[in-house]
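Below is one structure, written out as structure tokens, with a few remarks after it.
The figures that follow rest on heavy atoms only: side chains count, while hydrogens, waters and symmetry mates do not.
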Amino acid sequence: MGEVLQVNGPIVTVHHPGIRNGEQVRIGKLELIGEVIHISSEDALVQVYESTDSLCPGEPVTGLGHPLSVELGPGLLGQIFDGVQRPLNRIMELSGASITRGLHVPALDRDKKWHFLPHENLVVGNSLQPGQIIGSVQETERIQHQILVPPDCSGEIIEHAPEGDYTIEETLARLKTKEGQVQLLRMFHRWPVRRPRPYLSRSNASQPLITGQRILDTFFPMLKGGKAAVPGPFGAGKTMVQHQIARWANADIVLYVGCGERGNEMVDILQSFPKIKDPHSGRSLMERTFLVANTSNMPVVAREASIYVGVTMAEYYRDQGYDVVMVADSTSRWAEALREVAGRLGQMPVEEGYPAYLASRLAAFYERAGMVNTLAGNQGSVSLIGAVSPPGGDFSEPVTSHTKEIIRTFWALSKPLADARHYPSVSWLESFTAYAGRAASWWAENVSPRWSQRRQQALALLSNADELERIVNLVGPEALSSSQRWMLESAGLIKEAVLQQSAVDPVDSYCSPQKQFELLDLMLWFHDRGVELINLGVPVEQLIELPFNGELKRLKSAVPNDELEQLKLAAEKIGKALDVMRAEYSKSNQREVAT
């Protein structure tokens, strides 16, 4: 036992001889949750994850003997947790609409029984290594939960439970370690959130994370196990982009961490996610999703913990061989929590008041992404997508600039595009990806070998059109040649027919990889035919006035993913009309030459 010496907001100075750095503690008569962050002689600094209002010097402090940890076992999916992994549904039952401080509710249900199926290696006399699978339970209709040997545990099986129904606290096996000690294996174990879970090796697999959003998948792809950022100012559509990724990504499990965002946004997510049907299975999306909710009116240091709580749970499902996507909204609020704690500790501020270790903390977080070969011999991945909320949309501010140096995919959101109702408002000029080369092999094998060439052609066309738009704004369209005006028209067609995508359209909300390529290929084919006709002397005004432009723009929402033959029929129809025009001008040119 120790005692409180001083209270400075969420930072509490305590006297507790023998306490260790990083140890989890309970403070005061309310037993508030805290974590030791600094030790000096027999005194320690503790960051408290709940409000310290009414906490007084002299109140008791109890060290729990372990670092801030989370419970990992069956029952996590479908749950909504707060920033330190307390289940909000059970907390609300106990305390009502306002969460009572000091409540200690375990993350996993102790009373529910799960049907345990032992693994073939669960035999008396066998030796178990860290991370091995000892059995499984059916967590949801879609997810079979593998029961793992904790990464810090190994030994010889001296007894094990048969198939049957058990609670998570009942013993499934007893191991005898090399030192002769007996360890008990249960369905769950605890793991420190700040320590990455171990794995055998990183994998070089190049499977793209398909989100069904054309500008993300085709133009700026991300791989499973990759790391991406979605920066954008207020109102640019970050939340909608994240919703679409969570709903449509071809991952087994999705984790959404609301880190310091406004309460009304989190309420919208908490209310809408349970109602959404998983498009891949037709069942509730929550069967493969869990949420960590930590809004801006909650204690600031809990934001910092929520990121680590989320990524540790994501790594746990990765170790079972699943592909996990974790969306963090937003890392800017997390960085603001670091700034406030650093200020209260009296640490020297650097850029815009952030601590000097901001970049290293960001890098350590994103480094926990990756496709790995697990200790159990499976392959699993954690893909990290962090939203960034730069003040005023300034991408040069510290959090955005440091994140940009760390991540490999950068989906920059544009306020002018959002104001023009162009969604997703991802800027094709400011965004980038380092995964395009590795993703190209998958696209070439599964969709089309021309994917890389068409993607580069479209990006070049959009970039050139942007330069031409600046000229038009200065001197007007009359200064452009016919080919340049056609380039502008084609770029506008690609923006509306390919890059724009409606999240509420039942057909266009998700676009399959095959349809993505077919749409882009059709628009570029139309552009190439137009260039050919302009070279024959066809006036650009005649091409612009063709009725096909509107028809092409409607194809994305008119053609379902499983009826792509309609795109070929549309191309044949347009091709015949262009062939007639080409024949007319070819004859006209021949007569002029003959004359």
Side-chain angles (χ1 to χ4, degrees), residues 20 22-24 63-77 85 106-139 143-201 253 308-309 311-322 324 368 372-380 382:
R20 293 177 293 176
E23 185 174 349
Q24 191 170 352
L64 302 184
H66 59 76
L68 180 64
S69 306
V70 290
E71 293 182 350
L72 303 172
L76 292 175
L77 290 179
Q85 210 204 19
L108 300 175
D109 191 341
R110 264 49 179 175
D111 300 323
K112 182 174 181 177
K113 291 201 170 187
W114 301 88
H115 188 73
F116 174 69
L117 295 173
H119 194 271
E120 59 185 11
N121 65 5
L122 197 64
V123 178
V124 173
N126 277 6
S127 179
L128 290 180
Q129 300 302 316
Q132 274 191 274
I133 297 172
I134 64 169
S136 63
V137 302
Q138 198 68 38
E139 185 170 6
I143 301 298
Q144 188 177 43
H145 192 110
Q146 309 295 335
I147 308 301
L148 305 175
V149 178
D152 54 0
C153 179
S154 63
E156 179 186 329
I157 302 173
I158 57 176
E159 185 184 358
H160 70 84
E163 178 181 347
D165 296 335
Y166 303 92
T167 64
I168 63 169
E169 289 196 315
E170 292 184 74
T171 301
L172 299 180
R174 296 176 186 270
L175 300 186
K176 186 176 182 181
T177 66
K178 293 180 180 179
E179 294 77 20
Q181 297 177 339
V182 175
Q183 290 188 325
L184 306 181
L185 295 187
R186 299 182 174 90
M187 280 193 195
F188 83 106
H189 63 273
R190 300 183 66 87
W191 188 258
V193 298
R194 301 186 189 279
R195 191 198 311 170
R197 288 177 64 88
Y199 50 84
L200 282 180
S201 61
I253 292 168
Y308 295 106
V309 167
V311 74
T312 303
M313 292 191 288
E315 289 176 336
Y316 174 62
Y317 280 95
R318 175 206 69 188
D319 291 346
Q320 298 176 43
Y322 290 115
V324 186
R368 294 175 75 165
V372 304
N373 299 309
T374 69
L375 297 176
N378 299 317
Q379 194 174 74
V382 172

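W114 and K112 get closest at one heavy-atom pair: CH2-NZ, 3.5 Å. Contact between H66 and S69 at its shortest, heavy atoms only, is ND1-OG, 4.0 Å. When every heavy atom of P74 is checked against every heavy atom of I147, the shortest pair comes out as CD-CD1, 4.2 Å. The minimum heavy-atom distance linking Q24 with L68 is given by the pair OE1-CA, 3.5 Å. Between Y308 and R368, the closest heavy-atom pair is CD2-NH1, 3.8 Å.
The CG atom of L175 lies 8.0 Å from the OG atom of S154; values are rounded to the nearest 0.5 Å. To the nearest 0.5 angstrom, Q320 atom CD is 10.0 Å from S136 atom OG. Here CG of L185 is found 10.5 Å from CG of L148. Values are rounded to the nearest 0.5 Å. To the nearest 0.5 Å, the span separating CD on Q146 from CG on D319 amounts to 11.5 Å. Once rounded to the nearest 0.5 Å, the distance linking CG of L200 with CG of N378 reads 10.0 Å. Residue T374 holds its OG1 atom at 12.0 Å from OH of Y199, rounded to the nearest 0.5 Å.
Residues T177 and Q183 form a side-chain contact, since some pair of their non-hydrogen atoms from C-beta on lies under 4.5 Å apart. With a 4.5 Å cut-off on side-chain heavy atoms, P198 and L375 count as touching.
Inspection of the R186 and T167 side chains reveals no N or O donor paired with an N or O acceptor under 3.5 Å.
V372 pairs in a side-chain contact (heavy atoms from CB on, under 4.5 Å) with only one of the listed residues (R197, Q379, E315, R318), which is R318.
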Evaluate side-chain contact (heavy atoms from CB on, under 4.5 Å) for V137 paired with L117, printing each intermediate quantity in order. CA-CA 6 Å; V137 302; L117 295 173; over 6 Å; no
Determine whether K113 and Y166 satisfy the following criterion, side-chain contact (heavy atoms from CB on, under 4.5 Å), listing intermediate values before the conclusion. CA-CA 5 Å; K113 291 201 170 187; Y166 303 92; over 6 Å; no
Derivation of the side-chain contact (heavy atoms from CB on, under 4.5 Å) call for L76 and Q85: CA-CA 10 Å; L76 292 175; Q85 210 204 19; 3.7 Å; yes
side-chain contact (heavy atoms from CB on, under 4.5 Å) assessment of F116 paired with D165: CA-CA 6 Å; F116 174 69; D165 296 335; over 6 Å; no
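Taking the six-membered ring wherever Trp is involved, the centroid distance between the rings of Y317 and H145 falls below 6.0 Å.
Judged by the 6.0 Å distance and 45° axis criteria, R110 is positioned over the aromatic ring of F188.
For the salt bridge (Lys or Arg N to Asp or Glu O under 4.0 Å) condition, the pairs that include at least one residue of residues 146-160, sequence neighbours left out, are E159-R174.
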Without placing hydrogens or testing angles, list every side-chain donor-acceptor pair under 3.5 Å for residues 118-128, not counting sequence neighbours.
unit_1, atom_1, unit_2, atom_2, d
H119, ND1, N121, N, 3.2
H119, ND1, N121, OD1, 3.1
N121, ND2, I133, O, 3.2
N126, ND2, N121, O, 3.1
S127, OG, Q129, NE2, 3.2

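Of the possible donor and acceptor atoms, none in the side chain of E23 sits under 3.5 Å from a partner among the backbone N and O of P67.
Remark: E139 pairs with no residue by the salt bridge (Lys or Arg N to Asp or Glu O under 4.0 Å) rule, at least two apart or across chains.
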